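What follows is a single structure, written as structure tokens, with notes after it.
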Amino acid sequence: MSIFTGAGVALITPMNADGSVNYEKMREIIEFQIKNQTDAIIICGTTGEASTLSHEEHIECIRFCCEVAGKRIPVIAGTGSNCTATAVYLSQEAEKAGADGLLLVTPYYNKCTQNGLKSHFTQVADSVNIPILLYNIPGRTGVKIAPETVVALCRDAKNIIGVKDATGDISEVANVLALAKKEGVEVDLYSGNDDQIVPVVSLGGKGVISVLSNILPQQTHEMVAAFLAGDTKKSMDMQLSYFDLIGALFCEVNPIPVKKAMNLMGMEVGSLRAPLTEMEEKNAARLADEMKKAGII
């Protein structure tokens, strides 16, 4: 059973002026997301600056998000690590906190083999009872989960049910889903790239885990919903109409631009944790221009 179908937001983590997590602002943006039909909240992922959160902050963000969401929509907690023991610990704590599912990034820096990936993910899966999505983002981690590995894990692990594909390679997506179909294995696949939502869903993907949804939750939801309802033209037109905006949202490393965008909208989500820095002036001007064209500001 899928954790969700549609557009899940890869939620930012709002910060106070002193760099601490702003939980009251987090409450506001969670309510904003739910009001605007986001299909799931992904907390403490890449966009949430999880790599700069302490373990205590990480767990508290998950707990707080689950509490505020109150089972109105699913909450998926990012609990991956390059250390298997740490991933197990964070995953168990997320389950205790009430998360509906987990998102596990490939172990970064270590660059383990495909057998290493199978062992790592299986150990985490065996430690919890909630469903798990793998997170394939080789541009950040230095290692790719091969299609054969994705399918094998979804077949053999009791609660690994799918993957967020942020390879940026639509042929990779097709390879995973074709192999899954051939072997009779169910794989829930979500786009990890906002510029590929429609292509991924057209191949049988369940939706997107989206950065764009931070600023356009209703529209991103509608893009997926329209396609699944058979209105492929509407969905395609929406994908293409936001193409330049999406480009601006990724003209610097995520989540620098999306936090800037939210601040331009008056959401006051604060700054970023080092080593991330504020957006360069020329890129910020480009982002503001695209937001104006889209009628956001």
Side-chain angles (χ1 to χ4, degrees), residues 2-10 42 45-47 51 76 78 80 82 103-118 120-121 132-155 160-183 185-213 220 223-224 227-228 232 235-236 238-240 242-255 257-258:
S2 302
I3 305 172
F4 78 99
T5 299
V9 61
I42 293 78
T46 303
T47 311
S51 59
I76 300 170
N82 67 330
L103 180 68
L104 295 180
V105 72
T106 50
Y108 39 87
Y109 189 77
N110 307 57
K111 297 184 72 172
C112 55
T113 64
Q114 295 301 304
N115 283 336
L117 291 177
K118 288 178 183 177
H120 170 83
F121 288 127
I132 291 170
L133 296 175
L134 310 174
Y135 183 10
N136 197 9
I137 184 165
R140 285 199 185 248
T141 65
V143 62
K144 184 179 80 171
I145 315 174
E148 294 79 6
T149 302
V150 172
V151 174
L153 284 165
C154 288
R155 181 189 63 227
I160 296 178
I161 63 169
V163 61
K164 173 186 176 182
D165 188 287
T167 63
D169 184 348
I170 200 67
S171 295
E172 191 79 5
V173 171
N175 196 351
V176 171
L177 292 173
L179 184 60
K181 183 177 181 180
K182 180 180 178 182
E183 297 196 8
V185 177
E186 180 114 13
V187 175
D188 290 348
L189 192 146
Y190 299 87
S191 176
N193 297 83
D194 284 308
D195 60 354
Q196 294 183 343
I197 299 171
V198 171
V200 168
V201 176
S202 75
L203 288 169
K206 293 285 184 177
V208 62
I209 294 177
S210 169
V211 175
L212 180 66
S213 285
T220 314
M223 193 189 306
V224 179
F227 192 98
L228 295 176
T232 55
S235 184
M236 178 190 70
M238 292 183 77
Q239 176 79 85
L240 296 178
Y242 295 126
F243 188 80
D244 290 340
L245 174 62
I246 292 166
L249 277 175
F250 290 91
C251 69
E252 290 190 24
V253 69
N254 179 49
V258 72

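Position 1 is the first residue of the sequence; numbering continues from there. Just so it is clear, the model here is predicted, and its values are computed rather than measured. Heavy atoms only: backbone and side chains are in, while hydrogens, waters and symmetry mates are out.
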Practice prompt. Give the C-alpha distance, both sets of side-chain angles, the deciding distance and a yes or no for side chain to side chain contact (heavy atoms under 4.5 Å, CB included) between Ile197 and Thr220.
Written response: CA-CA 9 Å; Ile197 299 171; Thr220 314; 4.0 Å; yes
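A cation-pi arrangement is found for Lys164 relative to Tyr135, the charged atom lying closer than 6.0 Å to the ring centre and inside a 45° cone about the ring normal.
With sequence neighbours excluded, the residues that form a side-chain hydrogen bond (donor to acceptor under 3.5 Å, both in side chains) with Thr149 are Gln114. Residues passing the ring pair (Phe, Tyr, Trp, His ring centres under 6.0 Å) test with Tyr242: none are found, sequence neighbours excluded.
Between the side chain of Ser210 and the backbone N or O of Val9 there is no donor-acceptor pair closer than 3.5 Å. Panel note: side chain Asp194, backbone Val211; a donor-acceptor pair is recorded below 3.5 Å.
Checked against Leu117 for a side-chain contact (heavy atoms from CB on, under 4.5 Å), the options Val150, Ile145, Leu153 give a single hit: Ile145. Of the candidates Val173, Leu133, Ile42, Leu133 is the only one forming a side-chain contact (heavy atoms from CB on, under 4.5 Å) with Tyr190.
Contact record, Val208 with Ser191: CG2-O, 3.3 Å, taken as the closest heavy-atom pair. Across all non-hydrogen atoms, the minimal contact from Pro107 to Val143 is O-CG1, 3.7 Å. Taking all atoms of both residues into account, the shortest heavy-atom contact from Leu103 to Ile76 is N-CG2, 3.8 Å.
Using a 4.5 Å heavy-atom threshold, the side chains of Ile132 and Phe121 count as separate. Within the 4.5 Å cutoff, the side chain of Asp195 has no heavy atoms near those of the Phe250 side chain.
Under 3.5 Å, the side chains of Asn136 and Thr167 contain no donor-acceptor pair of N or O atoms.
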Can you give the donor-acceptor pairs under 3.5 Å from side chains of residues 176-183 to other protein atoms, not counting sequence neighbours?
| from | atom 1 | to | atom 2 | distance (Å) |
| --- | --- | --- | --- | --- |
| Glu183 | OE1 | Arg155 | NH1 | 3.1 |

